[in-house]
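The structure appears below as structure tokens.
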Amino acid sequence: MVLIQVAPLTRLITDIFRAEGCSDAEAGRIAANLVAANLTGHDSHGVLRTPRYVWLLREGQLRPDRKPEIVIDAGAFVLVDGQHGFGQTIAPLSVELGMRKARDGVAVIAVRNSGHIGRVGDWAEMAAAGGFISVHFVNVAGSQLVAPFGGVARRMSTAPFTVGFPMEGAEPVILDFATSIVAEGKIMVAASGGTPLPPGVLIDRDGSLTNDPLKLYGTAADARNRGPRTGTGAIRAMGEHKGSGLALICELLAGAFTNSGCCGPENRINANGMLSFYINPSALGLAQSMAAEARTYLDWVKSARPAKPDGEVLLPGEPERRRRAQRLAEGIPLPDDGWASLCETARAANIDPMRYRAVSGKLDPFT
Ligand code: NAD
């Protein structure tokens, strides 16, 4: 494992995307979002995505500095097309639009053809910081990864579902998860020597359950040549038939309704679709009563006796905040394999990753 501080890591990722043709502002947004995912403990959506983003950029499947195009503006409903721009540019613009449109109550924003929007919780946190409740259904057109309940072949993306609930004067509740048992990136992290997968998260074509990440990625020995299309297995949907059903709904709302495209069967360009609902409790006169009841309820939930003597009941969003505080202080751990691939991506963009050693703070990332 390599331990690297937030500042040099953010500078390194920013410099890579700037060298690959993104504006300073966009390169900074991409770096901030990827590093924020690492900070919250979601390494699957962190800086290890950089080589794949760069590859997509070079292939023309991701385009730098795109402005989303408004396809339908029907008042409280807007459909925007992300033009295969970076999700780190398209998603925050769609959240700003949602909050503006929901100023007097509610709004629904549909996004299609966006590049990878990363950790969806970031966008729910952004809405919650503005005082808005938000609900997000997301899918990935072209990403066949997850077997439906009762099947072994891939028919769904990891289709995340996310809700942000603001708490006046306190931290928001942020529920944010992939509808597969684990997000694909967690399998990428395991395949790169990071945290091993729990048992039975994958199903192979013969119906056997496994946690071998190469069942998804095939046998390519090094991280650069690993792709999720080469394995024989599929990720399982969470929660048996219920999670599989929620994933299906994400595909329908974020893929079919937005016209971003559902998972397969054609070889589509990978793109995130997202259908988001924004509610402004203040404008509806419900903010105070909501805050009082929610505070009482959440305190009561947390007061439940822990199942284990040293355990604790946590609210959605709490594990991420704790991890953020810890990693801000200690640095971000990256698996050796993933760090090597990041350095290689930097060198391919004529950036010497060793330069970032000088600003690495109290922990040396190269030891
Ligand atoms: P996960 O399994 O770690 O679940 C995270 C959720 O569970 C969070 O809301 C967290 O606060 C809550 N949680 C975790 N431990 C808890 C505990 N002990 N008590 C109470 N709540 C707890 O997340 P995941 O499914 O691996 O997803 C990881 C990330 O991947 C998410 O941020 C998601 O948005 C992202 N994702 C993005 C895409 C995309 O296409 N952009 C696709 C899939 C997933």
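Indexing begins at 1, ligand by ligand and atom by atom, following the structure's order. Basis for what follows: all heavy atoms, side chains included, without hydrogens, waters or symmetry-related copies. In what follows, residues are counted from 1 in the order of the sequence shown.
- Close approach of ligand 1 to I117 (heavy-atom distance below 4.0 Å) involves ligand atoms 41 (N).
- Of the options V313, L175, T162, L314, the smallest heavy-atom separation from atom 19 (N) of ligand 1 is shown by L314.
- The backbone N or O of L253 sits nowhere less than 3.5 Å from a side-chain atom of N139 that would complete a donor-acceptor pair.
- Close contacts between ligand 1 and V140 involve ligand atoms 40 (O) [criterion: under 4.0 Å to a heavy atom].
- Across all non-hydrogen atoms, the minimal contact from W123 to G87 is CZ2-O, 4.4 Å.
- Ion pairing between a basic and an acidic side chain is recognised when a charged N comes within 4.0 Å of a carboxylate O; E184 and R154 show no such pairing.
- Under a 3.5 Å cut-off, the side chain of R327 and the backbone N or O of N38 do form a donor-acceptor pair.
- A donor-acceptor pair under 3.5 Å links the side-chain atoms of N272 to the main chain of I117, judged by distance alone.
- Shown here, atom 7 (O) of ligand 1 is out of close reach of the protein: none of its heavy atoms lies under 4.0 Å off.
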Ring pair (Phe, Tyr, Trp, His ring centres under 6.0 Å) evaluation trace for F77 with F257: CA-CA 12 Å; F77 172 74; F257 176 66; 5.7 Å; yes
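- When only non-hydrogen protein atoms are considered, atom 26 (O) of ligand 1 lies nearest to K186 NZ, 2.6 Å.
- In terms of protein heavy atoms, atom 41 (N) of ligand 1 is closest to G118 O, 3.0 Å.
- Protein heavy atom in closest approach to atom 27 (O) of ligand 1: A178 N, 3.6 Å.
- Comment: R18 engages D15 in a salt bridge, judged by a side-chain N to carboxylate O separation of less than 4.0 angstrom.
- Nearest heavy atoms, C263 versus E251: N-OE1, 2.9 Å.
- Within the 4.0 Å heavy-atom criterion, the part of E320 lying near ligand 1 is the side chain and not the backbone.
- Summarising the hydrophobic clusters (Ile, Leu, Val, Met, Phe, Trp, Tyr; side-chain heavy atoms under 4.5 Å, direct or chained), the residues clustered with F149 are none.
- Atom 16 (C) of ligand 1 has P319 CG, 3.6 Å as its closest protein atom, hydrogens excluded (heavy atom only).
- What sits closest to atom 37 (C) of ligand 1 on the protein, heavy atoms only, is H45 NE2, 3.0 Å.
- For the residue pair E320 and H42, a side-chain donor N or O sits within less than 3.5 Å of a side-chain acceptor on the partner.
- Residue S44 has no N or O atom closer than 3.5 Å to an N or O atom of ligand 1.
- Considering backbone and side-chain atoms alike, V120 places an N or O below 3.5 Å from some N or O of ligand 1.
- Closest protein heavy atom to atom 43 (C) of ligand 1: T158 OG1, 3.1 Å.
- Here the heavy atom of the protein found nearest to atom 3 (O) of ligand 1 is H42 CE1, 3.3 Å.
- Taking distance alone, with nitrogen or oxygen atoms compared against 3.5 Å, G317 approaches ligand 1 more closely than that limit.
- Nearest to atom 32 (O) of ligand 1 among the protein's heavy atoms is D176 OD2, 2.4 Å.
- Look at I174 and you'll find a heavy atom under 4.0 Å from some atom of ligand 1.
- Near H116, meaning under 4.0 Å from any of its heavy atoms, are these atoms of ligand 1: 39 (C), 40 (O), 41 (N).
- Looking only at distances, a side-chain donor or acceptor of R236 sits under 3.5 Å from a matching main-chain atom of G200.
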